[in-house]
Participant: 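Sharing a structure below in structure tokens format, with a few things to ask.
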Amino acid sequence: MGILLVGFMSWSMTRMQQLSHSHADMEASQAPTWRRMFLLALVALAIFILGGEGRFFYASPDWQVRDSVLRDLAVYRWPFAYRFDNHIELLRAPLGMYLLPAIVGKAFGLATADLALLIQNSLFLTLIFGLGSMLFTTSHARARALVIVIFFSGMDVIGQWLQWHANGHPFPDHIEQWGITQYSSHITQAFWVPMHALSGWLGGVLFLLWREKRISLGQMYAPVPLLMLMSPLAVMGILPFAAYAGIVTLWKRELRVNDVLLPAITTLLTLPAILYLGAGSGEVGLRIISLPPLPYMLFELLEVIPFVAGAALIGSPSTGERATLLLVAACLLLMPFVQLGEGTDFTMRTSIPALAILAVQISRAFDRAATDRTFRRPAIIMAGMLLLGSVTGMVEIARAAMNKPSPQVHCNMATSIYQVAYLRQSSSRATYFAALDDVPGVIRPQPSTILSHETARCWDRPWQARRF
């Protein structure tokens, strides 16, 4: 999967370099230089190192499960399954992020799997940054956009302050759980859920490149089935934008054979994986929920509405940009009403593409404000909101710096899910496992190893331990 994605993006960047020679503004259309890509690679590497990958810094509690998945894939012979009481169940999760690092771990030892994961994700993010940089015309605009995108977040510090004022709760070291649901900051996404983040960010960037006529509809669509292997939820968040792109292309009668052929090929390549991910998924449960009006409105007022309004006021009045903002607003206003499983994962993960697109739209709005003083005051207000939002990412970075690197995981997935800090003992296993009999016969494996619950502790010290 990684090879296919890297190949696609490399081909796309080569193709855009060819197209740039016919563009009127050479600086605006120029493909990323090696120097730019090297600098972006350093930024991407720093983000994931601070997020705990490679075990140089503290990793969030989500990695208690993730490290177990990587360990099992690296240690045990494939295919393997798990025994829960009298049931044999298969690990049913998006494994795209883990496969290449696990192969490295099998060949060179488990410690190398952690480093391979760090390098793989950093390269992936570097390519996304490189593609995104083509949306901006000057070095200043690209640098400003990079900072805005990295630290983009809703104004969680205000929500947490209101929570403290109303209930007396002290400020935690993770300040995004103050509301009835959560739209994660980009730093939080990178630190906690990189597979969802990378998938959603790539989908958002591809949509914007399509909108700017830098890639074709087929080039936008082709990676989407592959991203299912990393994050089906992020793909769900991409679908509204993919649908919009398809409708516009059909309306303009610009559909080409490759626009159908390319995604058809990648869909066929990933069909076995899609069947695997769908096995037993009905046990997870997808439902529409009701929300109390006042907490919902407060959440949207701090997380979405001011940013969309500011981007609409300052940004380009073009039909494409206004339609994009309308679609972003619709997604972010409606997503909290959908629940998948027991928590808020649907809202947090499907919102990733829309939030990434919104961050880029805000960055482009600042480009306009830099050349038109009419928008200077709204731009200052927007900058203030972004600074308040950046506190969320700063808190995540501070926690990573103040705590020791997370300990090595010593147990299998069947054990770790019952020792994870935030999971109740009564939590459903359906998020991670599916009964072997529920896997379609055409792809159902014959496990060579059956893993059972272990009695040993999964880590030899507390997960979160202060450096100083």
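Positions are given from 1, in the same order as the sequence printed here. If you're wondering where the values come from, they're calculated on a predicted model, not measured in any experiment.
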Participant: Would you confirm whether Y183, through its side chain, and E303, through its main-chain N or O, come within 3.5 Å as a donor-acceptor pair?
Facilitator: no
Participant: Would you check, one step at a time, whether the test side-chain contact (heavy atoms from CB on, under 4.5 Å) holds for L90 with F80?
Facilitator: CA-CA 7 Å; L90 197 67; F80 54 83; over 6 Å; no
Participant: Closest approach of P32 and M37, non-hydrogen atoms and distance?
Facilitator: CB-SD, 3.5 Å
Participant: What are the two closest heavy atoms between L313 and F375, and how far apart are they?
Facilitator: O-CE2, 3.3 Å
Participant: Mind running side-chain contact (heavy atoms from CB on, under 4.5 Å) on T392 and Q160 for me, showing each step along the way?
Facilitator: CA-CA 10 Å; T392 304; Q160 193 64 54; over 6 Å; no
Participant: What is the minimum heavy-atom distance between P94 and L277, and which atoms define it?
Facilitator: N-CD2, 3.7 Å
Participant: With a 4.5 Å heavy-atom cut-off, do I47 and L125 have their side chains touching?
Facilitator: yes
Participant: I'd like to know if the side chain of Y221 reaches the main chain of G246, judged simply by a donor and an acceptor atom lying under 3.5 Å from each other, with no hydrogens or angles considered.
Facilitator: yes
Participant: Using side-chain heavy atoms (C-beta onward) and a distance below 4.5 Å, is L206 in contact with P223?
Facilitator: yes
Participant: Quick check: F48 with F191 (ring centres under 6.0 Å apart)?
Facilitator: no
Participant: Could you name each residue pair satisfying salt bridge (Lys or Arg N to Asp or Glu O under 4.0 Å) that touches residues 37-61, not counting sequence neighbours?
Facilitator: R55-D67, R55-D114
Participant: So E176 and S185, do their side chains get closer than 4.5 Å, heavy atoms only?
Facilitator: yes
Participant: CG/L291 to OG1/T181 distance, rounded to the nearest 0.5 angstrom?
Facilitator: 7.5 Å
Participant: Are any side-chain N or O atoms of R92 and backbone N or O atoms of G278, one a donor and one an acceptor, separated by less than 3.5 Å?
Facilitator: no
Participant: Return the set of residues passing side chain to side chain donor-acceptor pair (under 3.5 Å) with H196 (not counting sequence neighbours), or none when no residue passes.
Facilitator: S231
Participant: State, to 0.1 Å, how close G203 and I238 come at their nearest heavy-atom pair, and which atoms those are.
Facilitator: CA-CD1, 3.6 Å
Participant: When you measure from the side chain of Q120 to the backbone N and O of M97, does any donor-acceptor pair fall under 3.5 Å?
Facilitator: yes
Participant: Can you check whether P440's main-chain N or O pairs, donor with acceptor, with Y276's side chain at less than 3.5 Å?
Facilitator: no
Participant: Nearest 0.5 angstrom please: L99 CG to L229 CG, how far?
Facilitator: 8.0 Å
Participant: If you measure only the distance, is there a donor-acceptor pair under 3.5 Å linking the side chains of S416 and S68?
Facilitator: yes
Participant: Ignoring hydrogens and angles, tell me if any N or O in the side chain of W63 forms a donor-acceptor pair with the backbone of G52 under 3.5 Å.
Facilitator: no
Participant: Kindly indicate whether the side chain of N121, heavy atoms from C-beta on, has any atom under 4.5 Å from the side chain of L117.
Facilitator: yes
Participant: Closer than 3.5 angstrom, by distance alone: can the side chain of D72 be matched with the main-chain N or O of M413 as a donor-acceptor pair?
Facilitator: yes
Participant: H186 side chain to V149 main-chain N or O, any donor-acceptor pair under 3.5 Å?
Facilitator: yes
Participant: Is a side-chain N or O of T270 found less than 3.5 angstrom from the main chain of A273, in a donor-acceptor match?
Facilitator: no
Participant: Hey, is the main chain of L233 close enough, under 3.5 Å, to the side chain of R349 for a donor-acceptor pair?
Facilitator: no
Participant: Provide the closest heavy-atom pair for P445 versus V439 in the form atom of the first, atom of the second, distance.
Facilitator: CD-CG1, 4.4 Å
Participant: Measure the spacing between CZ of F38 and CG of L40 and express it to the nearest 0.5 Å.
Facilitator: 11.0 Å
Participant: Going by heavy atoms in the side chains, are L386 and F152 under 4.5 Å from each other?
Facilitator: yes
Participant: Would you say that L123 contacts I119 through its side chain, given a criterion of any heavy-atom pair below 4.5 Å between the two side chains?
Facilitator: yes
Participant: Mind listing the closest non-hydrogen atom pair of G237 and P240 along with its distance?
Facilitator: O-CD, 3.4 Å
Participant: Report the distance from atom CE of M220 to atom OG1 of T249, rounding to the nearest 0.5 Å.
Facilitator: 9.0 Å
Participant: Tell me whether the rings of F299 and W178 are parallel (<30°), tilted (30 to 60°) or perpendicular (>60°).
Facilitator: tilted
Participant: Given side-chain contact (heavy atoms from CB on, under 4.5 Å), test M297 with L294 step by step and report yes or no.
Facilitator: CA-CA 5 Å; M297 284 305 301; L294 289 179; 5.6 Å; no
Participant: Tell me the salt bridge (Lys or Arg N to Asp or Glu O under 4.0 Å) pairs involving residues 386-399, sequence neighbours left out?
Facilitator: E396-R399
Participant: Parallel, tilted or perpendicular: which one describes the rings of Y82 and F433, with boundaries at 30° and 60°?
Facilitator: perpendicular
Participant: Does any part of the side chain of W201, heavy atoms only, come nearer than 4.5 Å to the side chain of F129, both counted from C-beta?
Facilitator: no
Participant: Considering only residues two or more places apart or on different chains, which pairs with a residue in residues 239-268 satisfy salt bridge (Lys or Arg N to Asp or Glu O under 4.0 Å)?
Facilitator: none
Participant: Check this for me, if you would: do D367 and R144 make a salt bridge, where the nitrogen-to-carboxylate-oxygen distance has to be below 4.0 angstrom?
Facilitator: yes
Participant: Let me check something: any side-chain donor-acceptor pairs from residues 329-341 under 3.5 Å, sequence neighbours excluded? List them with distances.
Facilitator:
residue: Q339; atom: OE1; partner: R287; partner atom: NH1; Å: 3.2
residue: Q339; atom: NE2; partner: G343; partner atom: O; Å: 3.3

Participant: Can you confirm whether S153 sits close enough to I187 that some side-chain heavy atom of one is under 4.5 Å from a side-chain heavy atom of the other?
Facilitator: no
Participant: So how far is it from L358 CG to S363 OG, rounded to the nearest 0.5 Å?
Facilitator: 9.5 Å
Participant: Which residue pairs satisfy the salt bridge (Lys or Arg N to Asp or Glu O under 4.0 Å) criterion with at least one member in residues 306-335, sequence neighbours excluded?
Facilitator: R211-E321, E321-R364
Participant: Taking atom CG of L298 and atom CD1 of I180, what is their separation to the nearest 0.5 Å?
Facilitator: 9.0 Å
Participant: Please report the C-alpha distance between I150 and V43 in whole Å, then the side-chain angles of each, then the deciding distance to 0.1 Å, and finally whether the side-chain contact (heavy atoms from CB on, under 4.5 Å) criterion is met.
Facilitator: CA-CA 10 Å; I150 289 174; V43 174; 3.6 Å; yes
